[in-house]
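Heads up, the thing below is written out as structure tokens.
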Amino acid sequence: MLVLDTAQTRAALPWDGLVQALGEMFAKGCVMPVRHHHDVEVPGEADATLLLMPAWQPGAYIGVKMVSVFPGNQTRGLPAIHGSYLLSSGTTGELLAILDGGELTARRTAAASALAARYLAREDASRLLMVGTGRLSANVIEAHASVRPIREVAIWGRDQRKAEATAKELDLKGIAVSVATDLEAAAREADIISCATLSSEPLIRGDWLKPGAHLDLIGAFKPTMRETDDRAVARASIFVDTRDGALKEGGDIVQPLKAGVITEAAIRADLFELARGAHAGRTAPDEITLFKSVGAALEDLAGAVLAFEAHRSKA
């Protein structure tokens, strides 16, 4: 059985291969049951949460991501969230591999946005604004740089020190990296704006988007969260990773739907339709596009299979 730690999982998922693997999986499809959500009692502490996210390709592979959230870990100096991915044979049920769940999630999430950008961002997009300084930020920047000719990256965060730290982490040849102190000014210049935050209030305003801009929304994964305003949603051609997920969980879609700013018909396509060629994606150079991602078990499975098969080929 293959066991990959954080560094090994990262090394097994290069951006070009991972973006391609996600595209192929969205084109082929797989079985994705509704994720399991369980409250777990912890004596003397707040309840923990156990999340199970299964997906499988009949006769090929079965995968389950297991994530635990223990709020009480903050008193023990431990991370609140732990995750692992279990990959099994879809023929025999044999456990084939265990991957680091956090690293797999970070990379597949960034790769999904890069896959969307292949269809939605202008081919000459060279300026990227990264809004957010969490674990995803560096991954998102690297992933976008693998599919578009990014030459300038600006990083904005509520805490400038964290933005500066994220900027120092990056080692991208031929790309100028800076810290943005004026969010509006940076947004007005950007060809691609990626947001990966936990914001409950809009950060990016629709009036800031220049013609041809691509807006990539990764954070705000609850209906109560929001990274853009109604004006941005109304101006843009809207695309999502999965319709079910975006319509239930993505605040940037759910809130304007409830307010009557848009209807479900405003969603032009999801990644299944884009990957299968059912929708062309961007249709004009000055079109403003918006991609909302909430994540899907299919993406985890695609990454785990890629990592496992790469190691098997080397054995």
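Looking at Asp124 and Arg122, a side-chain N of the basic residue comes within less than 4.0 Å of a carboxylate O on the acidic one, giving a salt bridge. The pair Glu164-Lys168 does not count as a salt bridge, with every side-chain nitrogen at least 4.0 angstrom from each carboxylate oxygen. Looking at Glu45 and Arg76, a side-chain N of the basic residue comes within less than 4.0 Å of a carboxylate O on the acidic one, giving a salt bridge. Between Glu309 and Lys314 there is no salt bridge, since no side-chain nitrogen of the basic residue lies less than 4.0 Å from a carboxylate oxygen of the acidic one. With salt bridges taken as basic N to acidic carboxylate O contacts below 4.0 Å, one links Asp191 and Lys210.
Few gaps surround CZ on Arg276; more than 12 heavy atoms of other groups in view lie less than 6.0 Å from it.
A donor-acceptor contact closer than 3.5 angstrom links the side chains of Thr197 and Glu227. A side-chain N or O of Asp216 and one of Ser194 form a donor-acceptor pair less than 3.5 Å apart.
One distance of note links CG of Leu120 with CG of Leu274; it measures 6.0 Å at 0.5 Å rounding. The CD1 atom of Ile267 sits 4.5 Å away from atom CG of Leu247, with the distance rounded to the nearest 0.5 Å. Taking CD of Glu189 as the reference point, atom CD of Glu184 lies at 11.0 Å (rounded to 0.5 Å). Note that OG of Ser88 and CE of Met1 are 10.0 Å apart. Values are rounded to the nearest 0.5 Å. One finds the CG atom of Asp171 at 7.5 Å from the NZ atom of Lys173 (value rounded to the nearest 0.5 Å). Distance check, rounded to the nearest 0.5 Å: OH of Tyr85 to NZ of Lys65 gives 8.5 Å.
Shown are Val69, Thr49, Asn73; of these, the side-chain contact (heavy atoms from CB on, under 4.5 Å) with Ile81 is made only by Val69. Leu301 pairs in a side-chain contact (heavy atoms from CB on, under 4.5 Å) with only one of the listed residues (Leu87, Ile62, Leu306), which is Leu87. No option in Thr228, Ile193, Thr289, Leu290 other than Ile193 meets the side-chain contact (heavy atoms from CB on, under 4.5 Å) test with Leu209.
Cluster annotation: Met225 and Val254 are assigned to distinct hydrophobic clusters (Ile/Leu/Val/Met/Phe/Trp/Tyr, side-chain heavy-atom contacts under 4.5 Å, transitive). In the hydrophobic cluster analysis, where Ile, Leu, Val, Met, Phe, Trp and Tyr join through side-chain heavy atoms closer than 4.5 angstrom, Leu203 is grouped together with Val233. Linking ILVMFWY side-chain heavy atoms closer than 4.5 Å, directly or via other members, places Leu22 and Val240 in two distinct hydrophobic clusters. Met25 and Met53 are not part of a single hydrophobic cluster, where members link through side-chain heavy atoms under 4.5 Å apart. A continuous path of Ile, Leu, Val, Met, Phe, Trp and Tyr side chains, each step under 4.5 Å between heavy atoms, connects Trp208 with Val261, placing both in one hydrophobic cluster.
You'll find the side chain of Thr9 reaches within 4.5 Å of the side chain of Leu13, heavy atoms only. Taking the side chain as every heavy atom from C-beta outward, Val67 and His82 never approach each other to under 4.5 Å. Counting heavy atoms from C-beta on, the side chains of Leu86 and Met66 never come closer than 4.5 Å. At least one side-chain heavy atom of Met32 sits less than 4.5 Å from a side-chain heavy atom of Cys30. Within the 4.5 Å cutoff, the side chain of Asp270 has no heavy atoms near those of the Thr242 side chain. No side-chain heavy atom of Val42 sits less than 4.5 Å from a side-chain heavy atom of Asp47. Residues Leu215 and Ile288 form no side-chain contact, since every pair of their non-hydrogen atoms from C-beta on lies 4.5 Å or further apart. Here the side chains of Leu4 and Phe308 are not in contact, with every heavy-atom distance at 4.5 Å or above.
Of the possible polar contacts, none joining the Arg205 side chain to the Asp229 backbone as a donor-acceptor pair under 3.5 Å is found. Checked by atom type and distance alone, the side chain of Arg108 never pairs as donor or acceptor with a backbone atom of Ala304 at under 3.5 Å. Panel note: side chain Ser146, backbone Asp16; no donor-acceptor pair is recorded below 3.5 Å. No donor-acceptor distance shorter than 3.5 angstrom exists from the side chain of Glu123 to the backbone of Arg148, with no hydrogens or angles considered. At distances below 3.5 Å, at least one donor-acceptor pair connects side-chain atoms of Ser137 with backbone N or O atoms of Gly134. One N or O on the side chain of Asp241 and one on the backbone of Val294 form a donor-acceptor pair closer than 3.5 Å. Glu142 contributes no side-chain N or O that, together with a main-chain N or O of Asn139, makes up a donor-acceptor pair within less than 3.5 Å.
Both tests pass for Arg107 against the ring of Trp15: distance under 6.0 Å to the centre and angle within 45° of the axis.
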- What's the verdict on salt bridge (Lys or Arg N to Asp or Glu O under 4.0 Å) for Glu273 and Arg243, showing C-alpha distance, side-chain angles and the deciding distance? CA-CA 11 Å; Glu273 293 162 310; Arg243 291 178 186 270; 3.0 Å; yes
- Residues Thr6, Asp100; criterion side chain to side chain donor-acceptor pair (under 3.5 Å); working and verdict: CA-CA 5 Å; Thr6 300; Asp100 180 85; 3.2 Å; yes
- Query: So His37 and Arg35, side chain to side chain contact (heavy atoms under 4.5 Å, CB included) or not? Walk me through it.
  - Reply: CA-CA 7 Å; His37 182 290; Arg35 70 180 182 182; 5.6 Å; no
- Apply side chain to side chain contact (heavy atoms under 4.5 Å, CB included) to the pair Leu183 and Leu129, showing each step before the final yes or no. CA-CA 9 Å; Leu183 181 57; Leu129 169 62; 4.0 Å; yes
- Query: Do Glu103 and Arg135 pass the salt bridge (Lys or Arg N to Asp or Glu O under 4.0 Å) test, and can you show the C-alpha distance, the side-chain angles, and the key distance before you say yes or no?
  - Reply: CA-CA 9 Å; Glu103 189 64 23; Arg135 180 176 187 174; 2.9 Å; yes
- Message: Apply side chain to side chain donor-acceptor pair (under 3.5 Å) to residues Glu287 and Ser237 and explain how you reach the verdict.
- Response: CA-CA 7 Å; Glu287 181 181 11; Ser237 297; 2.5 Å; yes
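Residue pairs satisfying the salt bridge (Lys or Arg N to Asp or Glu O under 4.0 Å) criterion with at least one member in residues 17-29, sequence neighbours excluded, are absent. Listed by first and then second residue, the ring-ring contact (aromatic ring centres under 6.0 Å, His included) pairs involving residues 256-306 are Phe26-Phe272, Phe239-His279 (not counting sequence neighbours). For residues 247-259, every residue pair satisfying the salt bridge (Lys or Arg N to Asp or Glu O under 4.0 Å) rule, not counting sequence neighbours, is listed here: Arg226-Asp252.
Qualifying side-chain hydrogen bond (donor to acceptor under 3.5 Å, both in side chains) partners for Arg161, counting only residues two or more places apart in sequence or in other chains: Asp159. Scanning for side chain to side chain contact (heavy atoms under 4.5 Å, CB included) contacts around Ser200 gives an empty result, with sequence neighbours left out.
In terms of heavy-atom proximity, Ala48 sits nearest to Pro71 at CA-CD, 4.2 Å. Between Ala307 and Leu99, the shortest heavy-atom contact is CB-CD2, 3.8 Å. Of all heavy-atom pairs spanning Ala110 and Ala143, the tightest one is O-CB, 3.6 Å.
Residues Leu128, Met130, Leu136, Val140, Ile141, Ile150, Val153, Leu170, Leu172, Ile175, Val177, Ile192, Ile218 make up the rest of the hydrophobic cluster containing Ile155, defined by ILVMFWY side-chain heavy atoms closer than 4.5 Å, directly or through other members.
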